[in-house]
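These notes are about the structure you will find just below.
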Amino acid sequence: ELLTEVFLPAFGNTTLSALEDQALLTLNGMKLAFTTDAFVVRPIFFPGGDIGKLAVNGTVNDLAVGGARPLFLSAAFILEEGLPIEELKRVVASMQESCKQAGVLLVTGDTKVVDRGKGDKIYITTSGIGIVPPSRALSVHNARPGDHIIVSGTIGDHGVAIMSVREGIEFETALESDTAPLVELTQLMLEICPLSIRCMRDPTRGGVASTLNEIATASRIGIKINEAALPVRPEVKGACEILGLDPLYVANEGKLIAVVAASESEILLKAMQQHPLGRDASIIGEVVAQHPKMVTVKSSIGGERIVGLLAGEQLPRIC
């Protein structure tokens with residue numbers, strides 16, 4: 001509603017109105033991807049990561065799922081008066097390591113300090129630029145009836161990891177955020193199936209359900225998923241049951257959803273499962289001509305229900 005009622009009327013143009021995870025631009029014959037994101041996660045350190053690692057990976061992944069090779073980042077830091085310098089150094093060191101892992105350079109930035117009590121330690125905004133091969137045309141508008149839906153791994157890990165820290169939930173096994181750069185995985189996927197991948201998206205806030213709804217709406221198709229095929233860790237499933245949450249709506253930070261032609265979905269799936277970030281990949285459903293702009297899920301007991309967009313936020317300050 002914010003997009004349709006406030007931002008698009010003010011800034012609407014062909015690029016912005018496409019509502020991709022990144023802006024696709026052509027400059028002097030070169031195809032570029034450009035994206036920006038802000039990170040306000042609380043707490044700033046959590047199992048498996050921190051706000052710095054999240055800021056780098058989040059922006060890199062928005063470029064990667066658009067088929068781009070990420071190259072350069074910028075970062076703006078909003079620091080609260082009183083933030084311990086050692087915590088800032090820890091965040092910056094994490095960002096440095098994440099940039100190295102993703103193969104990008106942080107080349108420009110800014111810092112601002114706000115009064116004590118007017119922020120929450122640190123907020124980070126990152127922007128990124130990458131190059132897209134001229135023949136590549138991934139888009140959220142490309143899904144077609146018959147296509148298969150693949151998720152690259154277990155869902156809900158990030159959201160439940162953050163929740164466990166905030167709510168003091170303990171698990172028998174360590175549960176960490178899945179935040180990771182998807183560059184290598186997406187490049188592998190596009191090498192294996194350069195023409196049959198319609199689009200890719202990373203299901204962050206709003207989870208898998210919201211991302212699938214965005215695809216269904218943009219492509220004017222229906223999507224049917226199989227609940228039994230969803231890869232969910234037992235501890236995530238258990239935490240969601242206790243708290244009354246649906247794993248389909250819980251945030252992820254190191255996973256992607258791909259819409260691919262059915263003829264090559266098994267080939268792509270096997271290739272993804274050979275990569276560390278795709279070893280739990282699964283075909284979770286298909287694109288259908290019925291019920292356009294709607295996502296449904298078939299339960300393990302055979303019933304079918306509509307899965308709409310997330311209304312509000314299950315857990316604020318998740319990324």
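In this chain, numbering begins with 1 at the start of the sequence shown.
Residues Leu24 and Val60 are members of separate hydrophobic clusters, defined by side-chain heavy-atom contacts under 4.5 angstrom among Ile, Leu, Val, Met, Phe, Trp and Tyr. Two different hydrophobic clusters hold Ile162 and Val40 under the rule that ILVMFWY side chains link at heavy-atom gaps under 4.5 Å. Cluster annotation: Ile257 is connected to Val236 through the hydrophobic network of ILVMFWY side chains, with a link wherever side-chain heavy atoms come within less than 4.5 Å. Linking ILVMFWY residues whenever their side-chain heavy atoms come closer than 4.5 Å, directly or via other members, leaves Ile149 and Val260 in distinct clusters. Note: the hydrophobic cluster containing Ile150 does not contain Val287 (ILVMFWY, side chain heavy atoms under 4.5 Å, direct or indirect links).
To the nearest 0.5 Å, atoms CZ (Phe45) and OG (Ser94) are separated by 8.0 Å. Here the straight-line distance linking atom SG of Cys193 with atom CD of Glu191 works out to 11.0 Å at 0.5 Å rounding. Taking CE from Met294 and OG1 from Thr217, the interatomic distance works out to 10.0 Å, rounded to the nearest 0.5 Å. Atoms CG and OG1, from Asn57 and Thr204 in turn, are 12.5 Å apart once rounded to the nearest 0.5 Å. Once rounded to the nearest 0.5 Å, the distance linking CD1 of Ile197 with CE of Met189 reads 4.5 Å. To the nearest 0.5 Å, atom CZ of residue Phe39 and atom CD1 of residue Ile122 are 12.5 Å apart.
Here the closest non-hydrogen pair linking Val165 and Pro47 is CG2-CD, 3.2 Å. The minimum heavy-atom distance linking Ser282 with Leu269 is given by the pair N-CD1, 3.7 Å. Closest approach of Leu73 to Gly128, counting heavy atoms only: CD2-CA, 3.7 Å. Shown here for Glu227 and Ser299, the closest heavy-atom pair between the two residues is OE1-CA, 3.3 Å. Heavy-atom minimum distance, Glu264 versus Ser196: OE1-OG, 3.3 Å. Listed here is the closest heavy atom pair of Val113 and Glu81: CG1-N, 4.0 Å.
Between Leu54 and Val41 there is a side-chain heavy-atom pair separated by less than 4.5 Å. Side-chain contact check for Lys293 versus Ile221: every heavy-atom pair is 4.5 Å or farther apart. In this structure, the side chains of Val160 and Glu235 stay at 4.5 Å or more apart for every pair of heavy atoms. The closest side-chain heavy-atom distance from Leu190 to Met200 is below 4.5 Å. At least one side-chain heavy atom of Asp120 sits under 4.5 Å from a side-chain heavy atom of Tyr123. Looking at heavy atoms from C-beta onward, Met272 lies in side-chain contact with Ser152 at the 4.5 angstrom threshold. At least one side-chain heavy atom of Ile85 sits under 4.5 Å from a side-chain heavy atom of Leu88. The closest side-chain heavy-atom distance from His158 to Val250 is not below 4.5 Å.
Enclosure of atom NZ in Lys31 by more than 12 non-hydrogen atoms of other residues, nucleotides or ligands within 6.0 angstrom is indicated. In the displayed structure, Arg220 atom CZ is contacted under 6.0 Å by at most 12 heavy atoms of other residues, nucleotides or ligands. Taking a 6.0 Å sphere around CD of Gln96, one finds it holds 12 or fewer heavy atoms contributed by other residues, nucleotides or ligands. Environment of CD in Glu87: crowded, with over 12 heavy atoms of neighbouring residues, nucleotides or ligands closer than 6.0 Å.
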*Begin with the C-alpha distance, continue with both residues' side-chain angles, and end with the deciding distance and a verdict on side chain to side chain contact (heavy atoms under 4.5 Å, CB included) for Val307 and Leu212.*
CA-CA 9 Å; Val307 179; Leu212 292 178; over 6 Å; no
*asked:* Set out, in order, the CA-CA distance, both residues' side-chain angles and the distance that settles side chain to side chain contact (heavy atoms under 4.5 Å, CB included) for Glu20 and His141, then state yes or no.
replied: CA-CA 9 Å; Glu20 304 284 359; His141 301 271; 3.6 Å; yes
*Checking side-chain hydrogen bond (donor to acceptor under 3.5 Å, both in side chains) for the pair Asp157/Thr154: CA distance, chi angles, key distance, verdict?*
CA-CA 7 Å; Asp157 296 357; Thr154 54; 2.8 Å; yes
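For the pair Lys118 and Glu80, the salt-bridge criterion is not met [side-chain N within less than 4.0 Å of a carboxylate O]. Salt-bridge check for Arg305 with Asp246: passed, with a basic side-chain N closer than 4.0 Å to an acidic carboxylate O. Using a cut-off of 4.0 Å between Lys/Arg side-chain N and Asp/Glu carboxylate O, Asp50 and Arg90 are scored as not salt-bridged.
Counted by atom type alone, Thr126 and Asp37 present zero donor-acceptor pairs between their side chains at under 3.5 Å. A donor-acceptor contact closer than 3.5 angstrom links the side chains of Thr296 and Glu304.
Evaluated for a side-chain hydrogen bond (donor to acceptor under 3.5 Å, both in side chains) with Lys255, the options Asp202, Asn61, Thr179, Asp178 yield exactly one hit, Asp178.
Distance alone, capped at 3.5 Å, is enough to place a donor-acceptor pair between the Ser219 side chain and the Ala143 backbone. Remark: side-chain polar atoms of Ser17 are not paired, donor with acceptor, to backbone N or O of Gly12 under 3.5 angstrom.
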